[in-house]
Amino acid sequence: DPIEWIVTQRSIDNIQRGQWLTDEEIYVALSLIRRLNPAIGGLTSTIALAHAQSRDFADHPENLYIMHCHGNHWVTAYTKCWWTYVELYDSLSTETVPADIKKQLKKVVPGNKNVVQRCLQQQVGTSECGLFAIAVAVDLAMGIDPSYVRYEQGEMRKHFIDCIRKREICSFPRIKDHRLQGYVFL
């Protein structure tokens, strides 16, 4: 099984203590998402992406990436092969797309696609971006538009640990009846 992995107790402790997620925890999530939707492309090593060494080009009908930027932040990128753009989901949105994200996307997304920043619930605190990136990726893999979702941030860490223990990922807990939506063109 190409997606077998070993979760260390250090990773579980890291998640429980409210620390920033590392490449290891993100890789575990990507592996679980690949199990959830094997047809989706991308889902490649965040280390390879950050160093522009990935050879996993966005040539599947749907392609999903969790990317590391600014040295301490996680975002999710999503595209379909027939789109002329890439959607970027960032729980600490800024007015511009970070240069390191543009560089990573240029290596894996063919053509010169525009980056469209989608509206997304903004995280509270500084270390939750990895959980938001994973939650967004799970919803996209399930065909759910995360710009319409408000996640229950206080439950995200427990949910992710439960998913790791079960070796099966599902949508993250959300606040009922909340609607966000929109695009920001950059």
Side-chain angles (χ1 to χ4, degrees), residues 7-33 36 42-43 46-47 49-50 64-79 86-102 104-105 115-166 168-186:
V7 178
T8 64
Q9 186 59 46
R10 188 183 81 230
S11 284
I12 298 293
D13 292 345
N14 186 50
I15 298 165
Q16 286 176 331
R17 286 191 205 120
Q19 302 297 311
W20 271 283
L21 299 190
T22 68
D23 294 298
E24 184 177 312
E25 290 95 33
I26 297 294
Y27 181 75
V28 167
L30 293 171
S31 297
L32 291 172
I33 294 167
L36 176 69
L43 303 175
T46 57
I47 294 171
L49 277 172
L64 183 59
Y65 300 93
I66 294 180
M67 300 179 157
H68 198 235
C69 66
H70 304 307
N72 64 351
H73 185 55
W74 297 104
V75 299
T76 304
Y78 178 71
T79 190
V86 176
E87 292 180 338
L88 184 68
Y89 294 87
D90 185 351
S91 61
L92 284 176
S93 296
T94 61
E95 290 187 21
T96 59
V97 177
D100 48 351
I101 294 301
K102 287 181 182 178
Q104 291 174 61
L105 286 170
V115 178
V116 177
Q117 191 155 343
R118 293 294 308 268
C119 286
L120 182 67
Q121 173 187 349
Q122 299 297 283
Q123 70 188 58
V124 176
T126 58
S127 60
E128 305 306 307
C129 55
L131 294 163
F132 275 89
I134 294 166
V136 165
V138 169
D139 280 347
L140 289 167
M142 295 176 68
I144 299 167
D145 184 344
S147 65
Y148 287 101
V149 173
R150 183 155 180 88
Y151 299 102
E152 183 64 65
Q153 186 173 328
E155 299 296 319
M156 294 175 90
R157 289 182 180 276
K158 179 185 178 308
H159 177 79
F160 185 42
I161 290 170
D162 290 345
C163 291
I164 290 170
R165 289 188 172 137
K166 293 177 190 170
E168 183 176 83
I169 203 155
C170 60
S171 288
F172 277 63
R174 51 197 74 219
I175 297 170
K176 303 276 190 247
D177 299 325
H178 185 81
R179 295 275 187 191
L180 299 172
Q181 208 285 324
Y183 291 88
V184 178
F185 293 92
L186 303 174

Can you measure from [atom1] ([X]) to [atom2] ([Y]) and round to the nearest 0.5 angstrom?
{"X": "T79", "Y": "E87", "atom1": "OG1", "atom2": "CD", "answer": "8.0 Å"}
{"X": "I161", "Y": "M156", "atom1": "CD1", "atom2": "CE", "answer": "13.0 Å"}
{"X": "H159", "Y": "I15", "atom1": "NE2", "atom2": "CD1", "answer": "11.5 Å"}
{"X": "I101", "Y": "T96", "atom1": "CD1", "atom2": "OG1", "answer": "11.5 Å"}

Which residues pass the side chain to side chain contact (heavy atoms under 4.5 Å, CB included) test with A137, not counting sequence neighbours? I33, L64, I66, T76
Restricting to side chain to side chain contact (heavy atoms under 4.5 Å, CB included), what partner residues turn up for N72, sequence neighbours left out?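 Once residues adjacent in sequence are excluded, the partners of N72 under the side chain to side chain contact (heavy atoms under 4.5 Å, CB included) criterion are H70.
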Determine all donor-acceptor pairs shorter than 3.5 Å in which one atom belongs to a side chain in residues 123-134; sequence neighbours excluded.
unit_1 : atom_1 : unit_2 : atom_2 : d
Q123   : OE1    : S91    : OG     : 2.5
Q123   : OE1    : C129   : N      : 3.2
Q123   : NE2    : G125   : O      : 3.0
S127   : OG     : G18    : O      : 2.9
E128   : OE1    : R157   : NE     : 3.4
E128   : OE2    : R157   : NH2    : 3.2

By the salt bridge (Lys or Arg N to Asp or Glu O under 4.0 Å) test, which pairs, at least two apart or in different chains, include something from residues 132-142? D139-R174
Heavy atoms only: give me the nearest [X]-[Y] pair and the separation to one decimal.
{"X": "C119", "Y": "S147", "answer": "O-CB, 3.2 Å"}
{"X": "P146", "Y": "Y89", "answer": "CG-CE2, 3.6 Å"}
{"X": "V138", "Y": "S171", "answer": "CG1-N, 3.8 Å"}
{"X": "W74", "Y": "L21", "answer": "NE1-O, 3.0 Å"}
{"X": "M67", "Y": "A77", "answer": "SD-CB, 4.3 Å"}

Worked check of side chain to side chain contact (heavy atoms under 4.5 Å, CB included) between Y151 and I175: CA-CA 6 Å; Y151 299 102; I175 297 170; over 6 Å; no
Would you indicate whether the side-chain heavy atoms of [Y] and [X] approach each other to under 4.5 Å?
{"X": "I12", "Y": "R165", "value": "yes"}
{"X": "L43", "Y": "Y65", "value": "no"}
{"X": "Y27", "Y": "D23", "value": "no"}
{"X": "L88", "Y": "V116", "value": "no"}
{"X": "S11", "Y": "V28", "value": "no"}

Donor-acceptor contact below 3.5 Å, side chain [X] vs main chain [Y]:
{"X": "E25", "Y": "T22", "result": "yes"}
{"X": "Q122", "Y": "L120", "result": "yes"}
{"X": "D90", "Y": "Q117", "result": "no"}
{"X": "Q121", "Y": "E152", "result": "no"}

K102: partners by salt bridge (Lys or Arg N to Asp or Glu O under 4.0 Å), with sequence neighbours left out: none
For R17, check salt bridge (Lys or Arg N to Asp or Glu O under 4.0 Å) against everything at least two apart and list the hits. D13
With a cut-off of 6.0 Å (strictly less than), are more than 12 heavy atoms of other residues, nucleotides or ligands near CD of E168? no
Any salt bridge between K166 and D162, counting N to O under 4.0 Å? no
